[in-house]
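Take a look at the structure below.
As the structure is a prediction and not an experimental result, all values here were calculated from the model. Protein chains get the first letters and strands the later ones, always in sequence-line order, with residue 1 at the start of each.
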There are 2 protein chains.
Amino acid sequence: MKNNEIRNKLIEKGLKVTPQRMAILEAIIKLNNHPTAENIIDYIRKNHPNISTATVYKVLDALAEKGLIKKVKTEKDVMRYDAFLEKHHHLYASDSDRIEDYLDDELNEILEKHFEKKCIPGFKIEDLKLQIIGKFTDKNAPK
Amino acid sequence: MKNNEIRNKLIEKGLKVTPQRMAILEAIIKLNNHPTAENIIDYIRKNHPNISTATVYKVLDALAEKGLIKKVKTEKDVMRYDAFLEKHHHLYASDSDRIEDYLDDELNEILEKHFEKKCIPGFKIEDLKLQIIGKFTDKNAPK
DNA sequence: CTTTCTTATGAGAATGATTCTCCTTTAATA
DNA sequence: TATTAAAGGAGAATCATTCTCATAAGAAAG
């Protein structure tokens with residue numbers, strides 16, 4: 001992804017373009033396995049040694065609020081970030097911190113159909129996220 | 001739930017019976033809307049003013065490990081506890097901290113059937129949890 | 001290209017849930 | 001009741017995240 005594409009994403013969302021924001025958005029796209037804020041900070045400090053943690057957290061919140069990234073939460077306690085924006089679910093390793101995206105349009109359809117039929121009284125559904133917990137049986141990321 | 005029932009639950013799981021453990025398990029059953037550790041501590045300190053936070057956390061972990069309670073995580077950052085042990089999913093309010101249990105055997109079946117057919121290469125599923133995010137349209141808990 | 005104004009950034013302190021340390025107490029069992 | 005491994009208590013420590021507030025830097029206009 002070129003600098004200009006990143007710049008345009010920021011502009012599109014009405015976010016002021018700064019070197020910090022460029023670096024953070026680039027980092028989260030490069031580090032494409034749901035990095036933590038710490039992963040992102042480490043990555044960015046290679047080229048940008050003085051960036052402050054507070055800035056990173058603020059920028060991540062701003063990006064998430066504008067829909068440029070998503071926040072994902074582990075079973076543990078750390079927020080993770082995801083630049084993959086299509087509707088998707090997550091595979092969580094029960095024995096490590098690994099998280100993978102899981103796309104399944106058929107599943108989305110099934111869920112949608114189910115909740116069309118079966119309304120939940122007193123509740124208006126906005127989003128459905130399936131957490132698929134288990135063990136990875138190989139070392140490579142299934143998509 | 002009588003004291004003896006609680007005592008027996010602990011014994012069944014091979015946990016030493018202590019007043020602290022009794023109080024904590026009782027509290028989490030009484031406070032049945034997914035209390036936080038803090039909620040539990042406040043409740044217990046009414047009758048048991050000197051219990052230490054460390055003890056509460058340790059006991060909660062022990063109970064969860066033995067399957068006497070479950071841990072639930074908010075979108076925010078705080079662990080919640082649940083004494084309701086049947087397979088169920090959760091409704092999360094997008095505009096508050098409210099969480100409700102959601103039972104739906106038909107949904108469980110559909111999900112199970114879907115993942116029987118559609119295996120995920122390189123992944124062995126152990127559990128499926130649907131996070132249903134949205135808004136509560138009344139003040140009462142739907143079950 | 002400078003001014004102005006608003007917004008973003010940086011450094012470090014603060015927060016807050018959870019965990020750790022280490023010492024004391026207690027439940028279970030003989 | 002004595003023994004002993006396990007549990008509890010007090011408070012410090014941890015660590016991700018947020019706050020504070022002074023400084024810097026975009027954007028827009030002149």
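Around NZ of A:Lys87, the count of heavy atoms belonging to other residues, nucleotides or ligands within 6.0 Å exceeds 12. The environment of CD in A:Glu65 is sparse: at most 12 heavy-atom neighbours from other residues, nucleotides or ligands sit within 6.0 Å. In the displayed structure, B:Arg45 atom CZ is contacted under 6.0 Å by more than 12 heavy atoms of other residues, nucleotides or ligands.
With C:dA8, C:dA27, C:dG10 as the candidates, the nucleotide lying closest to the side chain of A:Lys58 is C:dG10. Ranking C:dG10, D:dC19, C:dA27 by closeness to the B:Lys16 side chain, first place goes to C:dA27. Distances from the side chain of B:Thr53 to the nucleotides C:dA27, D:dT18, C:dT19 place C:dT19 closest. Distances were taken from every side-chain heavy atom of A:Arg21 (C-beta onward) to each of C:dT9, C:dA28, C:dG12; the shortest belongs to C:dT9.
An end-to-end axis angle of 30° holds for the helix from C:dC1-D:dG30 to C:dA30-D:dT1, taken from five base pairs per end and rounded to 10°.
In this structure, B:Gln20 reaches the D:dG9 phosphate: one of its side-chain N or O atoms is under 4.0 Å from OP1 or OP2. Between A:Tyr57 and D:dT18, a side-chain N or O to OP1/OP2 separation shorter than 4.0 Å is absent. In terms of phosphate contacts, A:Thr55 brings no side-chain nitrogen or oxygen within less than 4.0 Å of OP1 or OP2 of C:dA8.
In this entry the distance linking CG of B:Asn50 with P of C:dT25 reads 13 Å, nearest Å. One can place CG of B:Asp42 at 11 Å from P of C:dA17, the figure rounded to the nearest angstrom. The CE atom of A:Met22 sits 12 Å away from the P atom of D:dG26 (whole-angstrom rounding). For the pair B:Lys13 NZ and D:dA7 P, the interatomic distance rounds to 16 Å; values are reported in whole Å. Put simply, CD1 on B:Ile24 is 14 Å from P on C:dT18, counting in whole angstrom units. Atom-to-atom, CD1 of B:Ile51 to C1' of C:dT18 comes out at 16 Å; the value is rounded to the nearest Å. One can place NE2 of B:His48 at 12 Å from C1' of C:dT26, the figure rounded to the nearest angstrom. Protein atom CG of B:Leu60 is 11 Å distant from nucleotide atom C1' of C:dT18, rounded to whole Å.
Using a 3.5 Å distance cut-off with no hydrogens or angles, the side chains of B:His89 and B:Asn108 do pair a donor with an acceptor.
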Test A:Val72 against A:Tyr92 for side-chain contact (heavy atoms from CB on, under 4.5 Å), laying out the working first. CA-CA 11 Å; A:Val72 189; A:Tyr92 293 86; 3.8 Å; yes

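Residue B:Asp61 is the one, among B:Asp61 and B:Leu15, whose nearest nucleotide of DNA chain C lies closer to the 5' end (criterion: closest heavy atom).
Residue contacts for B:Thr18: at a heavy-atom cut-off of 4.0 Å it reaches the sugar-phosphate backbone alone, with no base atom in range.
Aromatic ring orientation, B:His88 versus B:His90: perpendicular (interplanar angle above 60°, classes split at 30° and 60°).
For the pair B:Arg98 and B:Phe136, the distance from NZ or CZ to the six-membered ring centre is under 6.0 Å and the angle to the ring normal is within 45 degrees.
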